[in-house]
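These notes are about the structure you will find just below.
Heavy atoms only: backbone and side chains are in, while hydrogens, waters and symmetry mates are out.
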Amino acid sequence: LTAPVTVSVNGGSEWAQSSAHFNFVPTFQGFLSPDFGPQEGGSSIEIYVPDVLDRSLEGGQSLESQAVQACCFGLPAQVIVPAMEVSRGHYQCTTPPWPHAPAVVPVGVVGADGRCQALPGRALFSYVHQWHITSVYPTEASEQQLGDLQVFVAGDHFRSYPGALC
């Protein structure tokens, strides 16, 4: 988007035109959720591909329903796993096992041409050590208590995550 540059020196009452133009450059971000899981793999992740990237996978043409064939993990792509299209620009993949943890791995998508294309932005998946629960308090509750019940969980290798639910 290009817009002409105008200037006001009196609080917007009058505007002076100029021959200058300003270009707005949109930032496109890929997104994946959740962005972490165990080293053993097996986590189902949702990948959101910006429409601009969707089109570029087909050389500037609109995406056909199966243009994204797979998800790729690592750079250069070390592991490729199948992708399932949920809706336009929204895909689901299962994370592969990773040789070591902790590790932060870039995630991309594989188009019909077979190339792994990194998602714009910081589309990274963190492999973590498997979490381990050592205790839960309280260990039981009646049906009437469930609405307001707070449960405390202790263990190892937990990670704070806004969508964490018990």
Side-chain angles (χ1 to χ4, degrees), residues 24-58 62-166:
F24 292 94
V25 179
T27 302
F28 300 101
Q29 299 290 319
F31 176 76
L32 59 102
S33 177
D35 63 355
F36 74 96
Q39 176 185 359
E40 293 78 16
S43 298
S44 178
I45 62 171
E46 306 283 319
I47 295 181
Y48 300 89
V49 179
D51 188 50
V52 166
L53 179 59
D54 252 3
R55 286 195 305 270
S56 73
L57 288 170
E58 288 298 313
S62 295
L63 254 186
E64 295 174 14
S65 63
Q66 297 301 319
V68 171
Q69 307 290 319
C71 299
C72 47
F73 290 75
L75 284 178
Q78 295 182 4
V79 182
I80 296 175
V81 297
M84 181 183 77
E85 183 178 36
V86 177
S87 61
R88 181 172 172 83
H90 177 194
Y91 302 91
Q92 188 174 53
C93 298
T94 300
T95 60
W98 205 251
H100 60 281
V104 178
V105 178
V107 178
V109 291
V110 177
D113 63 1
R115 290 182 303 132
C116 176
Q117 187 164 353
L119 295 174
R122 295 184 47 84
L124 302 172
F125 186 81
S126 295
Y127 281 95
V128 296
H129 294 291
Q130 179 66 48
W131 40 91
H132 177 252
I133 296 172
T134 56
S135 65
V136 177
Y137 178 80
T139 57
E140 61 183 49
S142 70
E143 219 175 286
Q144 292 80 19
Q145 294 173 302
L146 293 181
D148 296 321
L149 183 66
Q150 288 188 340
V151 176
F152 297 92
V153 179
D156 301 313
H157 305 296
F158 289 128
R159 178 176 170 181
S160 177
Y161 188 71
L165 299 172
C166 291

Check your understanding: Which pair of non-hydrogen atoms, one from Leu32 and one from Asp35, has the smallest distance, and what is that distance?
Key -> CD1-CA, 3.6 Å
Check your understanding: Given the rule in the side chain to side chain contact (heavy atoms under 4.5 Å, CB included) test, do His157 and Gln130 qualify, once you have shown the distances and angles that lead to the verdict?
Key -> CA-CA 7 Å; His157 305 296; Gln130 179 66 48; over 6 Å; no
Practice item. Please assess His90 against Glu46 for the test side-chain hydrogen bond (donor to acceptor under 3.5 Å, both in side chains), listing each intermediate value before the final yes or no. Key: CA-CA 7 Å; His90 177 194; Glu46 306 283 319; 2.3 Å; yes
Practice item. Any pair with a residue in residues 131-150 that passes ring pair (Phe, Tyr, Trp, His ring centres under 6.0 Å), sequence neighbours left out, goes on the list, sorted by first then second residue, please. Key: none
Exercise for review: Give the ring-plane orientation class for Tyr127 versus Trp98, where under 30° counts as parallel, over 60° as perpendicular and anything between as tilted.
Suggested key: parallel
Check your understanding: Can you tell if the side chain of His129 reaches within under 4.5 Å of the side chain of Pro38, non-hydrogen atoms only?
Key -> no
Point to revise | Atom pair OG1 (Thr94) and CE (Met84), whose distance is rounded to the nearest 0.5 Å | key: 9.0 Å
Point to revise | For the student: nearest non-hydrogen atoms of Val109 and Cys72, plus distance | key: N-SG, 3.7 Å
**Study point:** Side chains of Val79 and Pro97 in contact at under 4.5 Å (non-hydrogen atoms)
**Key:** no
Review point. At what distance, to the nearest 0.5 angstrom, does SG of Cys93 lie from CZ of Phe73?
Key: 6.0 Å
Study note, to complete from the structure: So OG of Ser87 and CD of Gln92: to nearest 0.5 Å the spacing works out to 11.0 Å
Review point. Is there side-chain contact between Val49 and Leu119, with heavy atoms separated by less than 4.5 Å?
Key: yes
**Study point:** Chi angles and distances behind the side chain to side chain contact (heavy atoms under 4.5 Å, CB included) call for Ile47, Val107
**Key:** CA-CA 9 Å; Ile47 295 181; Val107 178; 3.7 Å; yes
Study note, to complete from the structure: Only residue of Ile80, Val81, Ile45 satisfying side chain to side chain contact (heavy atoms under 4.5 Å, CB included) with Cys71 is Val81
Check your understanding: Do His100 and Gln39 have a side chain donor and acceptor closer than 3.5 Å?
Key -> no
Review point. Does the Thr95 side chain pair with the main chain of Gly42, one donor and one acceptor, at a distance under 3.5 Å?
Key: yes
Point to revise | Heavy-atom side-chain contact between Phe125 and Val104 under 4.5 Å | key: no
**Study point:** Side-chain touch Val110/Val68, heavy atoms, less than 4.5 angstrom
**Key:** no
